[in-house]
2 protein chains.
Amino acid sequence: MNAPAISIANLRVACSNCNLRELCLPVGLSLKEVERLEELVATRKRVKRGDALFRAGDRFESLYAVRLGFLKSTVMSQDGREQVTGFHMAGELVGLDGISTEAHSCDTVALEDTEVCVIPYDRLEEVASSMPVLRNHFHKVMSREIVREHGVMLLLGSMHAEERLAAFLLNLSQRFEARGYSRTEFVLRMTRAEIGSFLGLKLETVSRVLSRFAQDGLIDVNQKHVRIVNPDGLRMIVSGQGT
Amino acid sequence: MNAPAISIANLRVACSNCNLRELCLPVGLSLKEVERLEELVATRKRVKRGDALFRAGDRFESLYAVRLGFLKSTVMSQDGREQVTGFHMAGELVGLDGISTEAHSCDTVALEDTEVCVIPYDRLEEVASSMPVLRNHFHKVMSREIVREHGVMLLLGSMHAEERLAAFLLNLSQRFEARGYSRTEFVLRMTRAEIGSFLGLKLETVSRVLSRFAQDGLIDVNQKHVRIVNPDGLRMIVSGQGT
DNA sequence: CGTTTCGTTGAAGAGTGTCAAGGCCAGTGG
DNA sequence: CCACTGGCCTTGACACTCTTCAACGAAACG
């Protein structure tokens with residue numbers, strides 16, 4: 001754990017060529033501005049499956065833009081209960097929790113081999129001060145995270161197991177689609193226990209509900225492989241009209 | 001509803017004299033910097049109990065710093081389920097949800113007569129661009145909100161009714177204390193249903209658990225009036241060691 | 001002072017959790 | 001190549017927490 005299996009690739013980054021730029025960057029940047037950004041994103045970092053990008057308590061220094069791979073973030077209470085607060089995929093920004101106290105308050109762990117762009121925070125602040133577009137974009141990203149978490153609170157606070165799972169699947173579907181993958185067929189990178197933790201359910205409940213969905217012809221499940229057969233059916237369930 | 005009972009008080013604001021400045025402002029500002037801030041916070045706004053400061057869908061223009069009073073924020077799903085996402089008291093900043101899409105995504109409603117400082121967002125951006133201390137403070141406030149919501153997710157996702165209520169009471173207690181009020185004796189500004197919505201419980205459950213706490217000598221409850229008798233007992237419950 | 005909203009409490013039931021057993025699959029070493 | 005192992009997933013039976021439904025009492029409001 002002391003010499004983590006994380007290799008720092010001191011590669012020259014090219015945001016302008018990155019196929020994630022629509023997700024990652026503000027729109028309407030001049031070429032010159034993109035160049036300044038590329039200076040900002042100095043390095044990349046690889047994180048092997050199972051390793052942490054950062055852990056609660058780590059000094060906060062950088063934000064990370066996921067380039068490829070899949071991660072989860074978890075918080076832990078003093079008595080050891082763990083809660084998954086989110087799953088992250090390509091184009092998403094992680095590490096925002098660290099700004100408030102200059103130390104991270106959650107663990108972020110790769111669920112498959114992952115590569116991130118490292119964005120040193122003090123340099124981001126610097127560049128942002130003279131680039132209103134970037135600053136504004138950054139504020140919007142943070143705000144979007146707050147809004148996303150409101151949605152999770154709604155889910156955890158007022159939805160039943162089936163509704164939670166249906167919403168979860170549709171959310172994944174939509175995010176995969178936005179990245180050019182199939183919206184109907186994908187692989188769950190996380191275990192049932194991790195899904196359950198995120199949704200406030202036990203892994204057995206997750207398993208049971210997925211089986212029920214399959215039986216009702218809403219999805220096909222085979223271990224981690226999922227195919228959405230009837231998205232409208234899932235939407236019905238999310239809106240509380242399922243059966 | 002169309003002509004809301006909100007009066008705009010075009011008063012000169014004086015952050016330098018405000019007794020909330022420790023909560024609201026970054027530390028270590030020069031007098032001149034505080035003056036620039038006071039220009040920023042141009043007006044105040046009163047919101048009567050029951051009225052909304054803003055509603056989901058409203059165009060986002062300003063952030064609001066609560067000067068005095070008490071508010072709740074709620075999100076609503078398409079099918080009409082409502083979830084309280086937070087309660088806000090003096091010194092806290094609300095409206096951050098609006099930045100992401102330039103429209104608010106939640107309702108924020110006063111639970112008692114409330115007064116807020118209006119902070120026009122475009123002017124905040126302006127001033128922040130040349131005031132690193134302020135910008136950094138603002139980022140920390142947003143990040144803190146993200147961390148707070150992680151805590152709520154932990155609570156909703158992995159705690160029992162008694163643990164949720166105990167955590168809720170201790171959180172209120174601590175926030176009242178930080179504002180110079182009693183940490184042991186306070187008035188709940190929200191209804192049981194609102195507490196329940198926030199905690200993912202039904203109002204009857206909230207009522208029952210509070211009664212049980214009272215019976216166990218942890219608190220005194222009389223309608224909205226609460227006195228914390230045994231805070232350590234509540235802490236035990238939060239950490240899953242209750243009974 | 002009536003009306004309405006809010007809070008408390010009880011009884012019964014639904015929805016998840018818990019516990020336990022077994023199956024599937026990938027990786028490992030013989 | 002095959003058996004073995006350990007992690008992950010599925011399914012059943014049962015327990016328990018929380019919700020639902022209902023009735024009543026207390027406080028707030030016009």
Side-chain angles (χ1 to χ4, degrees), chain A residues 48-50 70 72 81-84 109 111-113 155-166 168-169 187-216 219-226 237 240 242-243, chain B residues 5 48-51 70 72 81-84 109 111-113 155-166 168-169 187-216 219-226 237 240 242-243:
Chain A
K48 284 229 189 73
R49 175 182 166 177
F70 204 89
K72 67 167 176 180
R81 269 178 288 210
E82 194 178 274
Q83 171 76 28
V84 173
V109 173
L111 295 181
E112 63 178 14
D113 290 1
L155 182 141
L156 289 172
S158 64
M159 290 171 80
H160 288 183
E162 298 203 341
E163 299 167 343
R164 294 182 199 190
L165 251 311
F168 176 71
L169 291 173
V187 174
L188 300 173
R189 261 65 196 234
M190 70 296 280
T191 67
R192 302 288 189 264
E194 286 161 341
I195 298 173
S197 170
F198 180 59
L199 298 179
L201 302 168
K202 293 295 156 186
L203 70 93
E204 294 94 333
T205 305
V206 173
S207 183
R208 267 186 258 271
V209 171
L210 289 180
S211 299
R212 210 177 308 155
F213 282 176
Q215 207 163 3
D216 296 350
I219 60 174
D220 278 358
V221 209
N222 193 311
Q223 303 288 118
K224 304 230 187 239
H225 196 99
V226 173
I237 289 178
T243 48
Chain B
K48 284 230 189 73
R49 176 182 168 179
D51 286 337
F70 204 90
K72 68 167 177 180
R81 270 179 287 211
E82 194 178 272
Q83 171 76 26
V84 172
V109 172
L111 296 181
E112 62 178 17
D113 290 1
L155 182 142
L156 289 172
S158 65
M159 291 171 79
H160 288 181
E162 297 202 342
E163 300 167 343
R164 294 182 198 189
L165 251 310
F168 175 71
L169 291 174
V187 173
L188 300 173
R189 260 64 196 235
M190 69 295 278
T191 67
R192 300 291 189 263
E194 285 160 342
I195 297 174
S197 169
F198 180 59
L199 297 177
L201 302 169
K202 294 294 158 186
L203 68 95
E204 294 94 331
T205 306
V206 173
S207 182
R208 268 186 257 271
V209 171
L210 289 179
S211 298
R212 210 177 307 153
F213 282 176
Q215 207 162 6
D216 297 349
I219 61 173
D220 279 358
V221 209
N222 193 311
Q223 302 289 119
K224 305 235 189 231
H225 195 99
V226 173
I237 288 178
T243 48

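Naming: A, B, ... by sequence-line order, numbering from 1 per chain.
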side-chain contact (heavy atoms from CB on, under 4.5 Å) involving B:Glu82 - partner list, sequence neighbours excluded
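Counting only residues at least two positions away or on another chain, B:Glu82 forms a side-chain contact (heavy atoms from CB on, under 4.5 Å) with B:Lys72, B:Thr74, B:Met76.
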For A:Val187, enumerate each residue passing the side-chain contact (heavy atoms from CB on, under 4.5 Å) test, keeping only those at least two apart in sequence or located in another chain.
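Partners of A:Val187 by the side-chain contact (heavy atoms from CB on, under 4.5 Å) criterion, ordered by chain and then number, come out as A:Arg189, A:Lys224, A:His225.
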At what angle, to 10 degrees, do the two end axes of the helix from C:dC1-D:dG30 to C:dG30-D:dC1 meet, given five pairs define each axis?
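Taking the rotation axis at each end, their angle is 40°.
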Quick one: [X] [atom1] to [N] [atom2], roughly how many Å, whole number?
X        : N      : atom1 : atom2 : value
B:Lys202 : C:dT9  : NZ    : C1'   : 18 Å
A:Met159 : C:dG15 : CE    : C1'   : 15 Å
A:Leu203 : C:dC19 : CG    : C1'   : 12 Å
A:Glu162 : C:dA14 : CD    : C1'   : 13 Å

Taking N or O atoms only and anything under 3.5 Å, show me the protein contacts with nucleotides 24-26 of chain C, one pair per line.
none

Which residues share a salt bridge (charged side-chain N to carboxylate O under 4.0 Å, His left out) with B:Arg81, sequence neighbours left out:
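By the salt bridge (charged side-chain N to carboxylate O under 4.0 Å, His left out) rule, B:Arg81 matches A:Glu163, B:Asp79.
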Sequence-distant partners of B:Arg212, salt bridge (charged side-chain N to carboxylate O under 4.0 Å, His left out), two or more places apart
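Listed in chain order: B:Glu162.
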Who are the side chain to side chain donor-acceptor pair (under 3.5 Å) partners of [X], not counting sequence neighbours?
X        : result
A:Asp113 : none
B:Gln223 : none
B:His160 : none

For residues 196-208 of chain B, which residue pairs pass the side chain to side chain donor-acceptor pair (under 3.5 Å) check, not counting sequence neighbours?
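As it turns out, there is no side chain to side chain donor-acceptor pair (under 3.5 Å) pair with a partner in residues 196-208 of chain B once direct neighbours are skipped.
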In sequence, state the C-alpha distance, the side-chain angles, and the governing distance for B:Leu201 and B:Arg164, and then conclude on side-chain contact (heavy atoms from CB on, under 4.5 Å).
CA-CA 9 Å; B:Leu201 302 169; B:Arg164 294 182 198 189; 4.0 Å; yes
Is the distance from OP1 or OP2 of C:dG7 to the nearest side-chain N or O of B:Lys224 less than 4.0 Å?
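For C:dG7, OP1 or OP2 has a side-chain N or O of B:Lys224 closer than 4.0 Å.
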[X] side, atom [atom1]; [Y] side, atom [atom2] - distance, nearest 0.5 Å:
X        : Y        : atom1 : atom2 : value
A:Phe213 : A:Asp220 : CZ    : CG    : 13.5 Å
A:Phe168 : A:Ile195 : CZ    : CD1   : 4.5 Å
A:Leu156 : B:Leu155 : CG    : CG    : 10.0 Å

Walk along DNA chain D from 5' to 3' and tell me the first and last nucleotide with an atom closer than 4.0 Å to a non-hydrogen atom of chain A.
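On DNA chain D, the outermost contacted nucleotides are D:dC8 to D:dA13.
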Report which part of the nucleic acid A:Gly200 touches: base, sugar-phosphate, or nothing (heavy-atom distance under 4.0 Å, all strands).
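A:Gly200: backbone/sugar contact only, no base atoms under 4.0 Å.
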May I ask you to say what B:Arg49 touches in the nucleic acid, namely base, sugar-phosphate or nothing, with a heavy-atom cut-off under 4.0 Å?
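Touches sugar-phosphate only.
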Walk me through whether A:Leu169 and A:Leu210 qualify under side-chain contact (heavy atoms from CB on, under 4.5 Å).
CA-CA 10 Å; A:Leu169 291 173; A:Leu210 289 180; 4.2 Å; yes
Contact list for DNA chain C against residues 205-215 of chain A - heavy-atom distance below 4.0 Å
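Nucleic-acid contacts, sorted: A:Thr205, A:Arg208.
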Which sits closer to the 5' end of DNA chain C, A:Glu204 or A:His160, going by the nucleotide each is nearest to?
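Closest to the 5' end, via its nearest nucleotide, is A:His160.
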